[in-house]
Novice: 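Once you've had a glance at the structure underneath, I'll fire off some questions.
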Amino acid sequence: MLQTIINALKVKEIRRKVYMMLLLLLVFRIGCFVPVPGLNTTVFNEAFKSGTGNDFLALMSSITGGALGQGTVFALGIGPYINASIIMQLLSVGIPALERLSKQGEEGRKKISQYTRYLTIVLAVIQSVGIIINFANQTEGAIMNNLFGDSKFLAGAFMAIVYTAGAILVMWLGERITDYGVGNGQSMIIFVGIISTAGTQILNQFRIIFGLETGEPASAAWGLVAFALVCAVIFFAIVYVDLSERKVPVQYAKQIRGRKMYGGQSSSIPIRIAGGGVMPLIFAFSILSFPQMIASMINGGDNSFANWWSNWMSASATGWGAFVYTLVLCVLIFAFSFFYAQMQFNPEDISKNIQQNGGFIQGIRPGKATEAYLKKISNRITLFGAIYLSLVAFIPSVAFAWAGMELVNVFSTTGILIVVSCAMEFEKQLQAQLMMKNYKGFLK
C-alpha cells in the first residue's frame, strides 16, 4: 500500500486530487473543534464520559472523532447521510417506483441522490433533537438557557438548527471529496474520525509514559506494546478474511456472427465472504441502541423500560443481561447478513444475465437450476460471513480490554471493519487512477 501511495504521488493529476482530499478533510477536522454557542461543552463532555446517553451515542462519537462527545458543530458527522443512504437502498428494493428509478441510469441515480439529501436533513433534525432532549433531561447546566431568555424551546431549537446545518455541511464536504478527491468521500470522513479518536487515546498513553499526566508509566508502556501486537494480529486476520472470495467458473459458448466468432471464453463470478461489509453490524447495533435513546428522553431516562433495557439489552449489561445482549446481537447480525447478501447478490438476475449472454456453469443446467445453485453457494458463504462478523463484534473488544487500553470503543465492532475497509478501498482507487494514467500514456 505504501508503494502504491508513493507511485500515485509522483503523478501530478493524482497528487492534486490527494491534496484536495486532504484539504477538505482538514476543514472537517477544524469543524470538529468549533463549539456550539449556548452549550456548556465542559459539562456536556463530562456527562458523556460518565456514561450519560447510550451506547449508540458513544459509537457515533468515536466515528466523528469525538465531536459528538465534545458538543461541537460537526457533532452528527456523516451519520445522518449514511443512515439516509442505507434507508434509500432498502426502499429501492421494496418500493417498485424507486426500483425502476434506480435502473434508469444516470438520471435515475441523480434523483435518488436528491431524495437521499432530503432524507438526510430529516434524520439530522430527528437526531439533533433526540441528543439535545437526552442530555437536557439528564444533565443540569449542559444547555445555557439564560442566553436565550431562559427559554428551553428557543435554546433547543437553535442548537438543533446548528447541528442540522453541521450535518449538511459534512455531507457537502463528503460529496466534494468524491468529486474532486480520491475514493468515496463519506468513507474517508468516517475513516479520519475513527483514526483521530484512536490517535487521541494513544497520545494520552504517551503522556502518561512521559509523566505529563497522572498514571503508572510502566503499565501504560506495556499496555501500548500489547495493544500494538493485538492490533496487528486482528488487522491481519480481518484483511485476510475480507479479501477472501469464492469464484464460480462460467463458460460462454462460441457464437458465429457473420464472418466473426464471438464467445468461447471462460470467466468467473466472485462471491465475497464479507459481501455485506460493516452494514449488518451497523443495523444490529442501531436497532439495539435506538430504543435506549428514545427511552432516555422520557422522564430523563428514569422509567422502568429504560432500566430494563439498560440491564438486558445494552453493552453495559452484566451477568445474564450480558449473555442475553450477546445472543440477541448475534441473531440480528445473522439476520441482517442474509438480508444484505440478498440485496447485494441476486441469483435470479445473475442467472438471467448468464443465460442471455450464452453462458453456463459446467454441470448445471441454465435457468432455474443455475439460480438454485448460485443461491445455495451464496447462502453457505453468507453463513460463514455471519459467523465471522459475530466474532469480530466481540473478540476485538475482549482483546483490547486485555491490552489495558482505552481504545475498546474505537477499535471494536464497526470501527475496526470501517478502518480496514476504507484503507483497502483507498488503495484500490489509487491503483485505478494509476492504471487509467498508464492507459492514457499508452494511447498517446
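One-based numbering along the sequence shown.
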Novice: Using side chain to side chain contact (heavy atoms under 4.5 Å, CB included), reason through Tyr19 and Arg16 one step at a time and then give a plain yes or no.
Specialist: CA-CA 5 Å; Tyr19 289 161; Arg16 186 182 304 165; 5.8 Å; no
Novice: Is any side-chain heavy atom of Ile168 less than 4.5 Å from a side-chain heavy atom of Thr120?
Specialist: no
Novice: Do Val170 and Tyr81 come within less than 4.5 Å of each other through their side chains, counting heavy atoms only?
Specialist: no
Novice: Could you pull out the closest heavy-atom pair between Glu245 and Pro270, with the gap in Å?
Specialist: OE1-CB, 3.6 Å
Novice: I'd like to check Trp172 versus Leu169 (side-chain heavy atoms, cut-off strictly below 4.5 Å). Are they in contact?
Specialist: yes
Novice: Show your reasoning for whether salt bridge (charged side-chain N to carboxylate O under 4.0 Å, His left out) applies to Asp349 and Lys352.
Specialist: CA-CA 5 Å; Asp349 293 342; Lys352 289 181 180 179; 5.3 Å; no
Novice: If we only count heavy atoms from C-beta on, is the Phe334 to Leu383 side-chain gap below 4.5 Å?
Specialist: yes
Novice: Drop me the distance from Ser196's OG to Leu203's CG, to the nearest 0.5 angstrom.
Specialist: 12.0 Å
Novice: Between Thr164 and Ser128, which heavy-atom pair has the shortest distance, and what is it?
Specialist: OG1-OG, 3.7 Å
Novice: Could you tell me whether the side chain of Leu123 reaches within less than 4.5 Å of the side chain of Ile87, counting heavy atoms only?
Specialist: yes
Novice: Would you check if Ile121 and Arg117 make a side-chain contact, meaning some heavy-atom pair closer than 4.5 Å?
Specialist: no
Novice: If the condition is ring pair (Phe, Tyr, Trp, His ring centres under 6.0 Å), which residues does Phe158 pass it with, not counting sequence neighbours?
Specialist: Phe148
Novice: Hey, are the side chains of Leu101 and Ile112 touching, using non-hydrogen atoms and a 4.5 Å cut-off?
Specialist: yes
Novice: Do Val34 and Phe74 touch side chain to side chain, with heavy atoms closer than 4.5 Å?
Specialist: no
Novice: What residues, two or more places apart in sequence or in another chain, satisfy salt bridge (Lys or Arg N to Asp or Glu O under 4.0 Å) together with Lys111?
Specialist: none
Novice: Roughly how far apart are Phe191 CZ and Leu25 CG, rounded to 0.5 Å?
Specialist: 10.0 Å
Novice: How many angstroms lie between CD in Glu175 and OG1 in Thr178, if you round to the nearest 0.5 Å?
Specialist: 7.5 Å
Novice: Any idea how Tyr115 and Tyr118 line up, ring-wise: parallel (<30°), tilted (30 to 60°), or perpendicular (>60°)?
Specialist: tilted
Novice: Just jot down the side-chain contact (heavy atoms from CB on, under 4.5 Å) partners of Phe384, sequence neighbours excluded, or say none.
Specialist: none
Novice: Measure the spacing between CZ of Arg15 and CE of Met20 and express it to the nearest 0.5 Å.
Specialist: 14.0 Å
Novice: Just how far is it from atom CD1 of Ile78 to atom CZ of Phe28, taken to the nearest 0.5 Å?
Specialist: 8.0 Å
Novice: How close do Pro347 and Leu374 get, heavy atom to heavy atom, and via which atoms?
Specialist: CB-CB, 4.0 Å
